[in-house]
Amino acid sequence: MRLMTWNINSLRLRLPLLQRLGEEQAPDIICLQETKVPDALFPAAPLRELGYDHQHFLGMKGYNGVAILSRHPIRPIEATPDWCGKSDTRHIGVVIDTTTGPVMLHDFYVPAGGDIPDPAVNDKFAHKLAFLTEVTAWFRENPPIRSIVVGDLNIAPLEHDVWSHKQLSTVVSHTPPEIERLNAWAATGFVDAMRLVVPPQEKLYTWWSYRNRDWKLSNRGRRLDHVWLTPDLQPALTNLNVLRDVRDWDSPSDHVPVVFDLDLSAA
DNA sequence: ATGGTGGACCCTCCA
């Protein structure tokens, strides 16, 4: 089973890129963030034409929005919490019924957190921290089994998840309070699948700002997108790839897709 | 220290 996660930064604008990814990578399941489309306007028909007959999505006007597209039947999880009481369409989940049993898949878009890393003066940063705290409490109360978390978590936790650990330690996405909370969330029962494949001492990014003359030359990236697995699924992981080249496609997202393969007969 | 670019949309917000 091949899965992909991608912050697409407008699903409607980048449908052609998604089509190309569908053809070149042939994922069974695609998890999207920042779809920026209300449910009533979701482009269900063109996505069915790409082979994704099974769709679960939650969006709003202008901001945020998540979607899970699948070639195989999926069962939406209806009982997901309304994080921070904001109804701001940052999380959906589905159950995938496989030959070796059900697998739970969560798709998250964590708040970016604004510019100033101080919750006392920046409501967006306070929201980001509160969101992480709530999600962590929920996973503690509902210990994950045969579960996957993917998405734009908007935090680069490790030294080599950013281009300069020193310079970014005061920049939202790589500050200690965020990293501490992200680690606490992961500690509810997940392993970092990307770092199982790419050693932590190697630089690894999934996002490069639009505000760079030449993203590839300056290479000031961050690993904001994540794939987490519960340890029971770890033996099933056979491949994982950050599709860096997609950052150079026409009219790209500032995030690139991450694709990974699970052989569930091994778990 | 600043500003740089891009998407949505009602002109400013968000990343």
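Per chain, numbering begins at 1; letters A, B, ... match sequence-line order. Being a predicted model, the structure only gives us computed values, none of them experimental.
In this structure, A:Tyr63 places its OH atom 9 Å from P of B:dA15, rounding to the nearest Å. Taking atom CD1 of residue A:Ile116 and atom P of nucleotide B:dA1, one finds them 13 Å apart after rounding to whole Å. Taking atom CG on A:Leu17 and atom C1' on B:dG7, their separation rounds to 14 Å, with Å as the unit. Whole-Å rounding puts the A:Ile8 CD1 to B:dC14 P distance at 22 Å. Atom P of nucleotide B:dT5 and atom NZ of A:Lys216 are separated by 20 Å, given to the nearest angstrom. Here B:dG6 presents its P atom at 13 Å from CG of A:Asp248, a figure rounded to the nearest Å. The distance between atom CD of A:Gln167 and atom P of B:dA1, rounded to the nearest whole Å, is 13 Å. One atom, CG of A:Asn212, and another, P of B:dT2, lie 19 Å apart when rounded to the nearest Å.
Closest to the A:Lys61 side chain, of the nucleotides B:dA15, B:dG7, B:dC10, is B:dC10. Taking the side chain of A:Arg211 as heavy atoms from C-beta on, and the options B:dC14, B:dA8, B:dT5, the nearest nucleotide is B:dT5. When each of B:dG7, B:dC10, B:dA15 is scored by its nearest atom to the side-chain atoms of A:Arg90, the top-ranked nucleotide is B:dA15.
Considering only side-chain N and O atoms, A:Arg213 lies nowhere under 4.0 angstrom from the phosphate OP1 or OP2 of B:dT5.
Separation of the C1' atoms belonging to B:dA15 and B:dG4 is 13 Å when rounded to the nearest angstrom. B:dT2 and B:dG6 have their P atoms separated by 23 Å, with the value rounded to a whole Å. Rounded to a whole angstrom, the distance from the P atom of B:dG7 to that of B:dG3 is 22 Å.
Within the 6.0 Å centre-distance limit, the rings of A:Trp185 and A:Phe108 are counted as a close aromatic pair. Ring pair A:His91/A:His106: centre-to-centre distance below 6.0 Å.
For the pair A:Ser147 (side chain) and A:Ile145 (backbone), a donor-acceptor distance under 3.5 Å is present.
Looking only at atom types and distance, the side chain of A:His255 has no donor-acceptor partner in the side chain of A:Trp6 under 3.5 Å away. A donor-acceptor contact under 3.5 angstrom links the side chains of A:Arg146 and A:Thr100, judged on distance only.
Nearest-nucleotide assignment on DNA chain B puts the 5′-proximal partner with A:Pro252, out of A:Pro252 and A:Gly113. Nearer the 5' end of DNA chain B, as judged by each residue's closest nucleotide, is the contact made by A:Ser209, out of A:Ser209 and A:Thr35.
No contact: A:Arg220 has no heavy atom under 4.0 Å from any strand. When heavy atoms are screened at a 4.0 angstrom cut-off, A:Ser251 is found touching the sugar-phosphate backbone but no base atom.
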